[in-house]
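First the structure, in the form of structure tokens, and then the observations on it.
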Amino acid sequence: MALLTMIAAMHINPSLIWSKDDLMAVRVSKNFTIEELTASTTAIRNGLSNKPPKKALIAITTLAQKVLQPIRDRYGAVKVNSCYRTPEVNALIGGSKTSSHCCSEDDHGNVTKSAADIEVFDIEVSNLELAMWIRDNLKFSQLILEFYRESKGPHSGWVHVSYDLTGNNENVVLTASRDENGAVKYTPGLPE
């Protein structure tokens, strides 16, 4: 889908987003700003910019509206550990070269996915419960309960969730953990 068609489908006036002097202050949903979704201590520590290109704003906005805002509406404040990352920032933290956090372009030059690593501030809600709620209530491309260990407490790890703008949201659910050698392994589903 062409970039401008996606903007029109989301009822966003591009001049409202891109004519702002301070792009980072733009609110992309009721409770989320570009600044919050691009914050990176890794970028700051390394003197790098983590500002997204214009094309990535569509993916970030859609993720905020379709996934993050419904979570916020359900649970209150959401801690965004990581959302958008430039390829340089992603490499510094050891992220996958194909990470949806980078809002990479497809073969036609369109950005199609965005991702966030999140937790909720509600101490009554474990990361496992958050992942289960997302699985049962939202459309998403991929949901990964990352490094959650019940023995380490209900707030261990975090939840990774991505959204595909093309509508190809297959609701793939995985759990990431480390094996005895420290290598990351992915298993289908969530611990029940």
Would you call L68 and S29 a side-chain contact if the rule is heavy atoms closer than 4.5 Å?
-> no

Is the shortest heavy-atom distance from the side chain of V80 to the side chain of F32 under 4.5 Å?
-> yes

Mind checking the CH2-CD spacing from W158 to E146? Nearest 0.5 Å is all I need.
-> 5.5 Å

Do K51 and T38 come within less than 4.5 Å of each other through their side chains, counting heavy atoms only?
-> no

Non-hydrogen side-chain atoms of S100 and Q142 separated by less than 4.5 Å | no

Once you round to the nearest 0.5 Å, how far does CD of E105 lie from NZ of K113?
-> 15.0 Å

Can you tell me if N90 uses its side chain to pair, donor with acceptor, with the backbone of S96 under 3.5 Å?
-> yes

Please determine if D122 and R74 form a salt bridge, counting it only when a charged side-chain N lies under 4.0 Å from a carboxylate O.
-> no

Same apolar cluster (I L V M F W Y, side chains within < 4.5 Å links), V67/I34 = yes

Please step through side-chain contact (heavy atoms from CB on, under 4.5 Å) for the pair V159 and I134, ending with a clear verdict.
-> CA-CA 10 Å; V159 176; I134 294 168; 3.9 Å; yes

Any donor-acceptor N/O pair, D106 side chain to H108 backbone, under 3.5 Å = yes

For R178, does the CZ atom have more than 12 heavy-atom neighbours from other residues, nucleotides or ligands under 6.0 Å away?
-> yes

First locate atom OG of S82, then atom CG of N50, and finally report the distance between them rounded to the nearest 0.5 Å.
-> 8.0 Å

Look at the side chain of K55 and the backbone N and O of G109, then say whether any donor-acceptor pair between them is shorter than 3.5 Å.
-> yes

Between W133 and P70 the two heavy atoms that sit nearest each other are CH2-O, 3.8 Å

Consider only side-chain N and O atoms of T33 and E36, and report whether a donor and an acceptor are under 3.5 Å apart.
-> no

Taking all non-hydrogen atoms of both residues into account, name the closest pair between A59 and C103 and its distance.
-> CB-SG, 4.1 Å

Side chains of K30 and D73 in contact at under 4.5 Å (non-hydrogen atoms) | yes

Is it possible for you to say whether V172 and L190 belong to one hydrophobic cluster, with membership spreading through side-chain heavy-atom contacts below 4.5 Å?
-> no

Shortest non-hydrogen contact from N127 to S156?
-> ND2-O, 3.0 Å

What distance separates E88 CD from T42 OG1, expressed to the nearest 0.5 Å?
-> 13.0 Å

Looking at side-chain heavy atoms only, is the closest gap between L128 and P191 below 4.5 Å?
-> yes

Exactly one of T175, V161, N171 clears side chain to side chain contact (heavy atoms under 4.5 Å, CB included) with L143, and that residue is V161

How far apart are the closest heavy atoms of P52 and Y84, and which atoms are they?
-> CA-CE2, 3.5 Å

Any side-chain donor paired with an acceptor under 3.5 Å for T112 and N110?
-> no

Would you say N46's side chain and L48's backbone share a donor-acceptor pair under 3.5 angstrom?
-> no

Pick out which of D164, N169, N168 makes a side chain to side chain donor-acceptor pair (under 3.5 Å) with T166.
-> D164

Say whether M132 and I71 are linked into one hydrophobic cluster, either directly or through other cluster members, by side-chain heavy-atom distances under 4.5 angstrom.
-> yes

Does E124 reach the side chain of E129, with side-chain heavy atoms less than 4.5 Å apart?
-> no

Residue pair D117 / H101, side-chain heavy-atom distance below 4.5 Å | yes

Among the clusters formed by ILVMFWY side chains lying less than 4.5 Å apart, do I118 and V120 turn up in the same one?
-> yes

Mind checking the CD1-OG spacing from I93 to S99? Nearest 0.5 Å is all I need.
-> 7.0 Å

Listed by chain and number, what are the salt bridge (charged side-chain N to carboxylate O under 4.0 Å, His left out) partners of R135, not counting sequence neighbours?
-> E192

What is the minimum heavy-atom distance between S114 and C83, and which atoms define it?
-> OG-SG, 4.2 Å

Are F140 and V28 grouped together when hydrophobic residues (ILVMFWY) are joined by side-chain heavy atoms under 4.5 angstrom apart?
-> yes

Heavy-atom closest pair, residues K66 and L138 | O-CD2, 4.1 Å

